[in-house]
Number of protein chains: 2
Amino acid sequence: MLQPVEKHSGVPAYVQIIHMIKKEILMGYLTESSRLPPVRELATIFEVNINTVLKSLDKMAQEEIVQSEQGIGYFIRKTQDVNDEAMPVLRETIRRLKTYGIGLEMTKLLIEELWRTENG
Amino acid sequence: MLQPVEKHSGVPAYVQIIHMIKKEILMGYLTESSRLPPVRELATIFEVNINTVLKSLDKMAQEEIVQSEQGIGYFIRKTQDVNDEAMPVLRETIRRLKTYGIGLEMTKLLIEELWRTENG
DNA sequence: CATAGTGTTCTATTTAATTATAACACTAAT
DNA sequence: ATTAGTGTTATAATTAAATAGAACACTATG
């Protein structure tokens, strides 16, 4: 779901844009070879300057996630596929965490911390 | 685990500092009323200027997570407690995700997306 | 070949984040 | 009172992020 970035959120706009596009890919809404909206339209959607959009796309091009074609558009190059079993597991985990009254920020912090801590 | 911030990581230094301190609290390494290292020492640990540390602490003071005492130090004011059942659930989920070959970044993106999506 | 729609490049400006440096003020202990 | 250790405040300078605006270049189509 592409939407305006949150300004002054502590996350640079160009990073938020990268995250949103990556999420679209992960969720399967953007598939291999599919075209992104034109950069000027993306700038309108995200409510940022076109240069900020280009910065995001440049980074993703470096990661070989998207690819530009002069005069045509930006295309999805690589789709990371998520293991089929992963989604139900995550959904169930999120359901439980919400039951426990744990919020998204706390969850993200805990996961980052446990990810390092856990062996494997 | 307090350690140097990552520069040019796409996350402002002051935000990284907040995250690290919050994690310490969540993991129970910093408990209610316990004192943080002196601000100058924190600046050395995080490898940033003292002003950047102060910015982080100011934000956390506004959230009522820490509290300063002039001439003495900064203290933990509020510890968010994590439901006892949550940790094992998260550990198990992380173990599985790693088995599936899913990385931390992808996990965070999926969780952010599913958190919004799921009803509840 | 003209045009509309696209990406690309460039320069300048503004705003946010970070650093550097210094001085000041409170607290506890001597 | 003095001192060492602490937080506080202030100013200036630097760097990174974001904006603004314009011009350029490629592609497909009529």
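Just so it is clear: chains get the letters A, B, ... in the order the sequence lines come, proteins before strands, and each one is counted from 1.
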### Task
Check the distance between D/dT8's C1' and B/Asn49's CG and give it to me in whole angstrom.
14 Å

### Task
Could you pick out which residue, B/Asp58 or A/Glu69, lies toward the 5' side of DNA chain D when each is mapped onto its nearest nucleotide?
B/Asp58

### Query
D/dA18 P sits how many Å from A/Ile18 CD1, rounded?
10 Å

### Task
Return the 5'-most residue of the pair A/Gln70, A/Ile50 with respect to DNA chain D, ranking by each residue's nearest nucleotide.
A/Ile50

### Message
So, does A/Ser68 get its side chain near the phosphate of C/dT8, meaning an N or O under 4.0 Å from OP1 or OP2?
### Response
yes

### Query
Name the one of B/Leu42, B/Val53, B/Leu54 that satisfies side-chain contact (heavy atoms from CB on, under 4.5 Å) with B/Tyr74?
B/Leu54

### Among C/dT18, D/dT6, D/dA17, the one nearest B/Pro12 by side-chain distance
C/dT18

### Message
Please determine whether a side-chain nitrogen of the Lys or Arg among A/Glu105 and B/Lys22 lies less than 4.0 Å from a carboxylate oxygen of the Asp or Glu.
### Response
yes

### Query
Would one find a side-chain N or O of B/Tyr14 under 4.0 angstrom from OP1 or OP2 of C/dT19?
no

### Query
Less than 3.5 Å between a donor and an acceptor, one on the side chain of B/Asn51 and one on the base of C/dA17, is that the case here?
no

### Message
Main chain of A/Val89, side chain of A/Thr93: is a donor-acceptor contact present, judged purely on distance under 3.5 Å?
### Response
yes

### Message
Output the rounded distance in Å from CG (A/Leu42) to P (C/dG5).
### Response
17 Å

### Query
Between atom CG in B/Leu57 and atom P in D/dT9, what is the gap in whole Å?
13 Å

### Message
Rounding to an integer number of Å, can you tell me how far B/Lys59 NZ sits from C/dT18 P?
### Response
11 Å

### Query
Choosing from C/dA20, C/dT8, D/dG7, which nucleotide comes nearest the side chain of A/Val39?
C/dT8

### Query
In terms of side-chain heavy atoms of A/Arg40, which of D/dT6, C/dT8, D/dG21 is nearest?
C/dT8

### Query
Below 4.0 angstrom from OP1 or OP2 of D/dT19, is there any side-chain N or O of A/Lys7?
yes

### Message
Is the terminal nitrogen or CZ of B/Lys98 (NZ for Lys, CZ for Arg) located under 6.0 angstrom from the six-membered ring centre of A/Trp115 and within 45° of that ring's axis?
### Response
yes

### Message
Does a side-chain N or O of B/Thr52 approach OP1 or OP2 of C/dA17 to a distance below 4.0 Å, or not?
### Response
no

### Message
Closest approach to the side chain of B/Lys55, judged atom by atom: which nucleotide of C/dT9, C/dA17, D/dA28 is it?
### Response
C/dA17

#### Entry: Side chain A/Ser56, main chain A/Tyr14, donor-acceptor under 3.5 Å
yes

#### Entry: Between C1' of D/dT8 and CD1 of B/Ile72, the distance in whole Å
14 Å

### Task
Would you kindly give the CZ-to-P distance between A/Phe75 and D/dC26, to the nearest whole Å?
18 Å

### Task
Could you tell me the separation between the CG atom of A/Leu36 and the C1' atom of C/dG7, rounded to a whole number of Å?
12 Å

### Message
From the set C/dT27, C/dA16, D/dT19, return the single nucleotide nearest to any side-chain atom of A/His8.
### Response
C/dA16

